[in-house]
Amino acid sequence: MKMYQYALLMGLAFAHVSASAMTLDQYLTEVQKRNKAFQASTVSEEAAEDRRQAGDLGLSPVLTMAGGYLSDEAQPQTVGSKIVSRQYSLGVAKEFSSGTKASVTGNVQQTQIHDVPPGYEKFADYSTSSLGLSLSQSLWKNFFGNGTRLRQERQTAAANFEKQGYNLQQRQVLIDAEMAYWDYLYQQDELKSRMESLERAKKIEAWLKRRFADGINDKADFLNGQALTASRQLLLDATRDLAVSAEKNLRLFLEMDEAEKSPTLESDFKKPRDVRALVGGSAGRVVRLDAYLAALEAKSKELGAKEAKDQMRPDLVLSGSYNTNSNLQDSPTSALNRISNMDIPTTKVGLNFTYIFDTDAKVSQEELYRKEALAAQLKSERKMLESDVSWGELLRRYGEKIKQIETAERISQLQTGKAKEQSLKLSRGRAVTSDVVNSEEDAANSILTLNRLRSEARKMEAQSRLFIRLNE
């Protein structure tokens, strides 16, 4: 029921936005809410952070409880013919980020021996208990948590790399969605332009038809006007087909049902945006996101190589344990009550040294991670070079596109003015029909060329989402 209500509220909110006309920011917000590819990347990004935190699972306290029953009739027995034992234990263990491992364990055991010989009656049925504390600390590998910190740094770097990968996927969805947005606006504008062009062609045709009927023009002029109208109609039909495809693509990014009405877009694709401002910030190096990913991967590989080398080091572990003993009691309850008896403790202290011999396998293990880190670093440096070139090329091409748009605007104004003057001259009988048709063709094409250049500029601006600014 809650999911149904949520879907209903989302539908109502989208209907309200659609009814009032949708800006680019509102459209992209709806894409983030409705597009499953974007949502999947968002969930995967959250999972990457969960995976990083799960890496410290080994540092979580662990509770253990155990119970056991033993019946031993094997012969020969040291005392008696059969031993029956029941044992219960409860313990808590914890590994700290400093590398210290600690555990506290309590044990209660009841032992029954059948057919004990004379003089051993106290062993017929007795209970014991103990409470133990054990500690261990690596003096080399994980001294003061050095190994733990290496692991955490490597997992953090790997998580950052993974999350930025999903961030790139999200940005790519938004780029593709914005491309569909500008395509839709361009097709709508082109459709409007084609319709206006067709109307102008029909007026020229009607004028030529009257002049042909009055005997002023010959039939060739009239047929030329009809051909102009027919070609305009053909272009309008083709544009209408492209507009339908653009609308379907737009609806696909919004994952709209067939019953939902397509949104009305109010953004003006003729208005330019500042590419540098879209990246964000004012200081720092602008890098392509895949180059930043390569740098994060190199960092992760470098830390992985350090961790792998650390794992190959010899280790010296200091360990110690202290256990209380209740001595023999007549019942488990009595033994439990005496579990903290410190009169007869058991103490143990030891040093454990481990060393992996320098075999080919050990050397290859270290070289594997070192070479992977080196390869990742070289790849990162190459990506950064490509990123700098790519950013500079985007700015250059965008600047050239703005210049082309300015030139196209002037051409469009001139061609449109020329077409109007030719139509006026034709109405006065002072123009050749072919000149009027050609000027009308040139005016229509100049408008479409201008709109196409504007749409391409908006798409180039959308490509800025692939770049981020780093504060170095």
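Just so you know, these numbers use all the heavy atoms, side chains as well, and skip hydrogens, waters and symmetry mates.
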By side chain to side chain donor-acceptor pair (under 3.5 Å), which residues pair with Tyr126, not counting sequence neighbours? none
Whether over 12 other heavy atoms sit under 6.0 Å from Asp358 CG: yes
Could you list all the salt bridge (Lys or Arg N to Asp or Glu O under 4.0 Å) pairs where at least one residue sits in residues 312-324, not counting sequence neighbours? Asp310-Arg313
Should we say atom NZ of Lys248 is surrounded by more than 12 heavy atoms from elsewhere, each under 6.0 Å from it? no
If a pair satisfies salt bridge (Lys or Arg N to Asp or Glu O under 4.0 Å) and one of its residues is in residues 174-191, list it, with sequence neighbours excluded. Glu178-Arg273, Glu178-Arg465, Asp183-Lys459, Glu190-Arg194
In this structure, CD of Glu95 is separated from OG of Ser60 (nearest 0.5 Å) by 10.5 Å
For residues 317-364, which residue pairs pass the ring pair (Phe, Tyr, Trp, His ring centres under 6.0 Å) check, not counting sequence neighbours? Trp140-Phe353, Tyr355-Phe357
Selection residues 324-348 - residue pairs positive for salt bridge (Lys or Arg N to Asp or Glu O under 4.0 Å), sequence neighbours left out: none
Test salt bridge (Lys or Arg N to Asp or Glu O under 4.0 Å) applied to Arg52 and Glu49, step by step: CA-CA 5 Å; Arg52 183 194 68 80; Glu49 177 61 22; 2.7 Å; yes
Can Arg454 and Glu409 be counted as an ion pair, charged N to O under 4.0 angstrom? yes
I want to check something: taking the side chain as every heavy atom from C-beta on, are Ile405 and Leu450 in contact at a cut-off of under 4.5 Å? yes
Distance-minimising heavy-atom pair for Ala294 and Lys383: CB-CG, 3.9 Å
Does the distance from a Lys or Arg side-chain N to an Asp or Glu carboxylate O, for Glu153 and Lys306, drop under 4.0 Å? no
The test is salt bridge (Lys or Arg N to Asp or Glu O under 4.0 Å); show your working for Glu386 and Arg382 and say whether it passes. CA-CA 6 Å; Glu386 295 176 356; Arg382 174 63 185 181; 3.1 Å; yes
Quick one: are Gln311 and Gln365 in side-chain contact, heavy atoms under 4.5 Å? no
Are there more than 12 heavy atoms of other residues, nucleotides or ligands under 6.0 Å from atom NZ of Lys299? no
The side chain to side chain donor-acceptor pair (under 3.5 Å) partners of Ser387 (sequence neighbours excluded) come to none
Can you pull out every salt bridge (Lys or Arg N to Asp or Glu O under 4.0 Å) where at least one residue sits in residues 125-150? Sequence neighbours excluded, please. none
List the residues meeting ring-ring contact (aromatic ring centres under 6.0 Å, His included) with Tyr186, not counting sequence neighbours, and say none if there are none. none
I'd like to check Lys82 versus Val84 (side-chain heavy atoms, cut-off strictly below 4.5 Å). Are they in contact? yes
Look at the side chain of Thr324 and the backbone N and O of Ile339, then say whether any donor-acceptor pair between them is shorter than 3.5 Å. yes
Asn451 and Lys270, any side-chain heavy atoms less than 4.5 Å apart: yes
Show, in sequence, the C-alpha distance, side-chain angles and deciding distance for Glu260 and Arg34, and conclude whether the salt bridge (Lys or Arg N to Asp or Glu O under 4.0 Å) test is met. CA-CA 13 Å; Glu260 291 183 90; Arg34 299 163 68 97; 3.0 Å; yes
Suppose we screen for side chain to side chain donor-acceptor pair (under 3.5 Å). Which residues come up paired with Asn107, at least two apart in sequence or across chains? none
Do Thr42 and Tyr166 have side chains that get closer than 4.5 Å, going by heavy atoms? no
Trp391: what forms a ring-ring contact (aromatic ring centres under 6.0 Å, His included) with it, not counting sequence neighbours? Phe467
Once you round to the nearest 0.5 Å, how far does CZ of Arg171 lie from CG of Leu168? 8.5 Å
Pairwise side-chain contact, Met195 with Thr239, heavy-atom cut-off 4.5 Å (strictly under): no
Listed by chain and number, what are the side chain to side chain donor-acceptor pair (under 3.5 Å) partners of Glu247, not counting sequence neighbours? Ser262
Using salt bridge (charged side-chain N to carboxylate O under 4.0 Å, His left out) as the criterion, list what pairs up with Glu196, not counting sequence neighbours. none
